Peer 1: 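The structure follows.
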Amino acid sequence: MRRLLIFIAVLLSYHNLKAQVQVQADYNALGDCLFSAYNNAAVPVYLQINFADLENTYFSEPLPYVKRLAPGFNNLFTLPRDPDADVPRFNYDIKMFRSDPMARVDLDFPYLIPFAPGSKVTVFDVKEISGFWGKDGLDSWSATGFWAKPGDAVYAARTGIVVEVVGAERKGDPKSWYHIWNNSITLLQPDGTLICYRNVWASSEKLKAGETIYAGEKIGKVTEGADHIKVLIFHDSLNSKNLLFVIPQFVTDENGKGILNSSTTYIVTHLREIRALEMSKKEQRRILGK
């Protein structure tokens, strides 16, 4: 059996985020080429593969090919050998992303207002998100601002996997950062988008990279000295360096949802059926009870 092992140190997404991903191509006894990948990160990443040349085989996966890589080993696809020809030969290139560059966003998805049920909340129009992207800024973006008090509990607006938790001071290699905000929590959501909560301290040691946090669970509290939090929902773009931002609809009462209005005061409600939308039956019993 012939084996082709490729170690790739690639630039991930919009802020030179670097990760080690091993892409492996194994030839079986029939001469078919079996592709797999190993994600050394603690959180999911997204892989794109483009084939420039194919000989003695064909690629049958839908194009463009983008695969979410869970931490650890991932099967990808097989390049079958032409039975009347030599083993498959190919050239290809790879791109990596921290969010799904082909995310199919449901603009009607009901997000929870990220504060304690029963509390009264007002919002404001976010004028700037300086520091999120760096000195170059962003051409286009969207964010939701909530007035708050230091120590107010903050809850997950939607289920997601924790990918970054940052306190008052950023540490580590800047190439691994999702953005440059401090006092922030970032989650990867089921649809492949990222959500960032700004001016929030983590609530417990559970909030670490790779942990799943469910809609309506407490994630932290408003940082000391802050009078608001900002919420951004965004994802990478396959054909552009620019991020795409989502304008979310929030649950406004027991009967409705909508884009929040700065002239309205909202009473927070975390409906069970909304919290359960992205939970399995087992998770519903464990998190929400019977």
Side-chain angles (χ1 to χ4, degrees), residues 105-132 141-160 162 165-168 181-187 189-191 193-204 206-207 212-234 245-279 283-284 287-289:
V105 178
D106 179 3
L107 297 178
D108 291 325
F109 186 88
Y111 284 79
L112 301 177
I113 294 177
F115 291 94
S119 59
K120 294 182 179 181
V121 173
T122 55
V123 301
F124 63 92
D125 296 326
V126 179
K127 302 297 184 183
E128 53 82 22
I129 53 171
S130 60
F132 176 80
W141 52 268
S142 177
T144 304
F146 298 89
W147 295 114
K149 303 186 299 297
D152 283 352
V154 178
Y155 295 76
R158 183 176 181 178
T159 294
V162 178
V165 179
V166 186
W181 270 353
N182 59 1
N183 296 328
S184 62
I185 297 170
T186 305
L187 279 68
Q189 302 184 128
D191 64 354
T193 61
L194 293 162
I195 184 168
C196 177
Y197 301 83
R198 166 69 161 151
N199 288 338
V200 180
W201 282 94
S203 61
S204 71
K206 178 185 177 183
L207 215 71
T212 297
I213 300 298
Y214 297 94
E217 284 195 303
K218 184 178 177 181
I219 60 172
K221 60 182 180 179
V222 179
T223 55
E224 197 67 34
D227 64 357
H228 70 274
I229 71 168
K230 294 176 182 176
V231 176
L232 288 80
I233 302 169
F234 57 99
F245 284 78
V246 177
I247 300 175
Q249 295 201 49
F250 288 90
V251 176
T252 54
D253 53 46
E254 293 186 356
N255 299 308
K257 66 180 186 298
I259 297 172
L260 300 185
N261 190 318
S262 60
S263 64
T264 303
T265 298
Y266 299 94
I267 299 177
V268 180
T269 179
H270 290 178
L271 299 175
R272 178 190 172 95
E273 56 266 34
I274 300 299
R275 295 187 63 191
L277 282 175
E278 296 174 311
M279 294 182 188
E283 289 168 339
Q284 290 178 36
I287 304 299
L288 303 178

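If you're wondering where the values come from, they're calculated on a predicted model, not measured in any experiment.
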Peer 1: Testing F146, F109, F115 one by one against F250 for a ring-ring contact (aromatic ring centres under 6.0 Å, His included), which residue passes?
Peer 2: F146
Peer 1: To the nearest 0.5 Å, what is the distance between CZ (F234) and SG (C196)?
Peer 2: 6.0 Å
Peer 1: Take L271 and E254 through the test side chain to side chain contact (heavy atoms under 4.5 Å, CB included) and record every step on the way to the result.
Peer 2: CA-CA 7 Å; L271 299 175; E254 293 186 356; 3.9 Å; yes
Peer 1: Could you walk me through whether Y111 and Q249 satisfy the side-chain hydrogen bond (donor to acceptor under 3.5 Å, both in side chains) test, starting with their C-alpha distance in whole Å, then the side-chain angles of each, then the deciding distance to 0.1 Å, before giving a yes or no?
Peer 2: CA-CA 6 Å; Y111 284 79; Q249 295 201 49; over 6 Å; no
Peer 1: Provide the closest heavy-atom pair for S119 versus A116 in the form atom of the first, atom of the second, distance.
Peer 2: OG-O, 2.6 Å
Peer 1: Taking atom CG of L288 as the centre, does the number of heavy atoms from other residues, nucleotides or ligands within less than 6.0 Å exceed 12?
Peer 2: yes
Peer 1: Under 4.5 Å between any side-chain heavy atoms of R275 and E217, yes or no?
Peer 2: yes
Peer 1: From F245 CZ over to I233 CD1, what is the distance, rounded to the nearest 0.5 angstrom?
Peer 2: 10.5 Å
Peer 1: Counting only N and O atoms by type, is there a donor-acceptor contact under 3.5 Å from the side chain of Y214 to the main-chain atoms of A276?
Peer 2: no
Peer 1: Under 6.0 Å from the CD1 atom of I267, do we count more than 12 heavy atoms belonging to anything else shown?
Peer 2: no
Peer 1: Between NE2 of H228 and OG1 of T223, what distance do you get to the nearest 0.5 Å?
Peer 2: 8.5 Å
Peer 1: Is the F124 ring parallel, tilted or perpendicular to the W147 ring (thresholds 30°, 60°)?
Peer 2: tilted
Peer 1: I would like to know whether K230 and E128 meet salt bridge (charged side-chain N to carboxylate O under 4.0 Å, His left out); could you show each step before the answer?
Peer 2: CA-CA 10 Å; K230 294 176 182 176; E128 53 82 22; 3.5 Å; yes
Peer 1: Taking all non-hydrogen atoms of both residues into account, name the closest pair between P114 and V231 and its distance.
Peer 2: CG-CG2, 4.4 Å
Peer 1: So do F132 and L232 actually touch side chain to side chain, heavy atoms under 4.5 Å?
Peer 2: yes
Peer 1: Are more than 12 heavy atoms, taken from residues, nucleotides or ligands other than E224, located less than 6.0 Å from that residue's CD atom?
Peer 2: no
Peer 1: Using a 4.5 Å cut-off on heavy atoms from C-beta on, say whether the side chain of W181 contacts that of I129.
Peer 2: yes
Peer 1: Is the backbone N or O of I229 less than 3.5 Å from a side-chain atom of N199, with the two atoms forming a donor-acceptor pair by type?
Peer 2: no
Peer 1: Say you draw a straight line from OG1 of T159 to CG of D191; how long is it, rounded to the nearest 0.5 Å?
Peer 2: 11.0 Å
Peer 1: If we ignore hydrogens and angles and just use 3.5 Å, is the side chain of D152 paired with the main-chain N or O of V222 as donor and acceptor?
Peer 2: no
Peer 1: Is there a side-chain contact between I287 and M279 (heavy atoms, below 4.5 Å)?
Peer 2: yes
Peer 1: Please step through side chain to side chain contact (heavy atoms under 4.5 Å, CB included) for the pair V126 and T144, ending with a clear verdict.
Peer 2: CA-CA 6 Å; V126 179; T144 304; 5.8 Å; no
Peer 1: Look up atom CD1 in I113 and atom NZ in K120, then write down how far apart they are to the nearest 0.5 Å.
Peer 2: 13.5 Å
Peer 1: With heavy-atom distances below 4.5 Å as the criterion, would you say the side chains of T269 and V251 are in contact?
Peer 2: yes
Peer 1: Using every non-hydrogen atom in the two residues, find where L277 and P110 come nearest and quote the distance to one decimal.
Peer 2: CD1-CG, 3.7 Å
Peer 1: Please round to the nearest 0.5 Å and tell me the distance separating atom CD of Q189 and atom CD of E278.
Peer 2: 7.5 Å
Peer 1: Taking C-beta and beyond as the side chain, do I274 and L112 meet within less than 4.5 Å on heavy atoms?
Peer 2: yes
Peer 1: Would you check if T252 and L260 make a side-chain contact, meaning some heavy-atom pair closer than 4.5 Å?
Peer 2: yes
Peer 1: Test R198 against every option in N183, T186, N182 by the side-chain hydrogen bond (donor to acceptor under 3.5 Å, both in side chains) rule and name the one that passes.
Peer 2: N182
Peer 1: Which heavy-atom pair separates G225 from P150 by the least distance, and what is that distance?
Peer 2: N-CG, 3.8 Å
Peer 1: Give the intermediate values and the outcome of side chain to side chain contact (heavy atoms under 4.5 Å, CB included) for residues L107 and V246.
Peer 2: CA-CA 8 Å; L107 297 178; V246 177; 4.2 Å; yes
Peer 1: For the residue pair G151 and K221, what are the closest heavy atoms and their distance?
Peer 2: O-CB, 3.8 Å
Peer 1: Answer yes or no: is there a side-chain heavy-atom contact under 4.5 Å between L207 and I213?
Peer 2: yes
